Amino acid sequence: MSCLPVLLLLQLLVSPGLQAPMTQTTSLKTSWVNCSNMIDEIITHLKQPPLPLLDFNNLNGEDQDILMENNLRRPNLEAFNKAVKSLQNASAIESILKNLPPCLPMATAAPMRHPIRIKDGDWNEFRRKLTFYLKTLENAQAQQMTLSVEIS
């Protein structure tokens with residue numbers, strides 16, 4: 001007996017025409033919700049005491065530009081992953097940061113400058129910069145989601 005009929009049957013079972021359609025909007029919504037939840041969880045950890053006396057939302061313009069640059073999103077995340085290792089009691093943040101790469105958009109070109117610098121062990125600097133980075137990422141995802149809904 002030939003295995004050709006079995007292969008044809010198998011092909012029919014796995015062909016996309018017989019499976020439930022997965023729209024781009026559906027997958028974007030699902031991934032955006034997951035990414036948004038991870039971002040919210042990290043921000044919750046960043047707001048844990050002790051809070052610094054200084055305004056941790058205040059960053060210089062150069063740091064803001066570096067953190068907002070699309071082509072530096074992955075290198076900046078790598079910088080945060082490296083910096084979190086030098087902090088005490090940050091294992092929860094570290095584990096969530098490791099899961100963030102799928103939430104980042106692909107770079108459209110090679111970065112033209114270095115990623116963000118974070119002093120080792122400086123919780124306040126880490127918190128300020130990571131909070132700004134996550135808010136920027138969240139805003140970019142919300143814009144992408146809005147565009148995808150308008151297109152579909």
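Keep in mind it's a predicted model, so treat the numbers as computed, not measured.
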So, taking the atom named [atom1] in [X] and the one named [atom2] in [Y], what distance separates them when rounded to the nearest 0.5 Å?
X: Q48; Y: I93; atom1: CD; atom2: CD1; result: 8.5 Å
X: L134; Y: C35; atom1: CG; atom2: SG; result: 11.0 Å
X: L67; Y: R73; atom1: CG; atom2: CZ; result: 10.0 Å
X: I39; Y: L137; atom1: CD1; atom2: CG; result: 4.0 Å
X: L130; Y: L46; atom1: CG; atom2: CG; result: 5.0 Å
X: L100; Y: I96; atom1: CG; atom2: CD1; result: 8.0 Å

Review point. Hey, is R74 close enough to E78 for a salt bridge, meaning N to O under 4.0 Å?
Key: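 No, this pair does not count.
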
Is a donor on one side and an acceptor on the other found under 3.5 Å between the side chain of [X] and the backbone of [Y]?
X: D63; Y: L59; answer: no
X: N71; Y: A107; answer: no
X: S95; Y: A92; answer: yes

Can you check whether [X] reaches [Y] side chain to side chain, under 4.5 Å on heavy atoms?
X: K82; Y: I118; value: no
X: M112; Y: L72; value: no
X: E41; Y: M38; value: no

Review point. So which heavy atom on G121 is nearest to which on S86, and how close?
Key: N-OG, 2.8 Å

Review point. What closest approach, in Å, do A79 and I116 show between heavy atoms, and which atom pair accounts for it?
Key: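 Of all heavy-atom pairs spanning A79 and I116, the closest is CB-O, 3.6 Å.
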
Check your understanding: Residues in salt bridge (Lys or Arg N to Asp or Glu O under 4.0 Å) with K85, at least two apart?
Key ->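 So K85 forms a salt bridge (Lys or Arg N to Asp or Glu O under 4.0 Å) with E94.
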
Exercise for review: Mind telling me whether F80 and Y133 have parallel, tilted or perpendicular rings, with 30° and 60° as the class edges?
Suggested key: tilted

Check your understanding: For N89, does the CG atom sit with more than 12 other heavy atoms under 6.0 Å from it, leaving out its own atoms?
Key ->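 Open.
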
Practice item. Mind jotting down which residue pairs meet the salt bridge (charged side-chain N to carboxylate O under 4.0 Å, His left out) criterion with at least one end in residues 108-124? Sequence neighbours excluded, please. Key: E69-R113

